[in-house]
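When a ligand or atom number is given, it counts from 1 through the structure's own listing order.
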Amino acid sequence: MSNRLKNIRLYTDDAYKLLCKLPDASLDEIFLLYPDPWPKTRHHKRRFVSPTTLKELARVLKPGCPFFFATDIEDYANWTLAHILETPEFVFAPSHPGAWHEPYQGWQATRYEKKARREGRMLSYYFTFRRA
Ligand SMILES: C[S@@+](CC[C@H](N)C(=O)[O-])C[C@H]1O[C@@H](n2cnc3c(N)ncnc32)[C@H](O)[C@@H]1O
């Protein structure tokens with residue numbers, strides 16, 4: 001990372017706690033990149049995407065602004081879509097079928113994505129949801 005960057009802040013605790021402190025409609029965009037998938041059914045409740053966190057994410061995003069969610073785990077992609085469809089504050093309107101497999105403009109693979117590719121998980125989901 002360039003040492004010249006002066007507008008980076010790190011928060012090293014639970015991101016949900018930070019979300020709850022942010023003012024309404026204060027963010028232009030949110031990225032949730034490769035969150036822990038918690039593959040076992042009994043652990044799904046630990047996934048970051050939930051009705052509670054989606055409400056908070058919607059609250060802090062400005063109207064019309066994007067929430068980017070990327071994962072290589074199909075079950076987490078389906079989980080997230082199902083929850084988004086239950087959250088009227090978010091709109092999912094892809095430009096064409098399969099658009100969600102195309103990386104975002106200017107995308108740089110994260111460390112986790114590179115690991116996934118090395119381990120043979122070649123397909124990712126790059127969802128863009130917009131604040132209604
Ligand atoms: C699979 S890794 C992906 C890391 C990185 N986004 C990437 O793509 O390389 C998931 C990361 O989310 C962090 N994490 C899990 N739950 C979190 C939470 N509630 N708040 C903040 N970070 C969390 C974990 O510590 C871990 O570093």
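Looking at every heavy atom in both residues, Phe90 comes nearest to Leu61 through CE2-CD1, 3.9 Å. Considering every non-hydrogen atom in both Asp36 and Tyr76, the closest pair reads O-CE1, 3.4 Å. Leu19 and Glu56 get closest at one heavy-atom pair: O-OE1, 3.7 Å. The two residues Arg117 and Leu123 make their nearest non-hydrogen contact at NH1-N, 4.0 Å.
Scanning the protein for heavy atoms near atom 5 (C) of ligand 1, the closest one is Leu33 O, 4.0 Å. Summary of contacts: the protein heavy atom closest to atom 21 (C) of ligand 1 is Ala15 N, 3.5 Å. Scanning all protein heavy atoms for the shortest distance to atom 3 (C) of ligand 1 gives Tyr34 O, 3.2 Å. The protein non-hydrogen atom at the shortest distance from atom 24 (C) of ligand 1 is Asp36 OD2, 3.5 Å. Of all protein heavy atoms, the one closest to atom 9 (O) of ligand 1 is Tyr112 N, 2.8 Å.
Residue-ligand proximity, Asp13 to ligand 1, at heavy-atom distances under 4.0 Å covers atoms 20 (N), 21 (C). Near Arg111, with a cut-off below 4.0 Å to any heavy atom, the atoms of ligand 1 are 9 (O). Per-residue contacts place Asp14 under 4.0 angstrom from the following atoms of ligand 1 (heavy atoms of the residue considered): 18 (C), 19 (N), 20 (N).
Between Asp75 and Arg47 a salt bridge is recorded (basic side-chain N to carboxylate O distance below 4.0 Å).
Of the N or O atoms in Thr110, one or more lie within a sub-3.5 Å distance of an N or O in ligand 1.
To the nearest 0.5 angstrom, Leu22 atom CG is 14.5 Å from Lys17 atom NZ.
His101 has its ring centre less than 6.0 Å from the ring centre of Tyr125.
Contact annotation: Phe48 has at least one heavy atom less than 4.0 Å from an atom of ligand 1.
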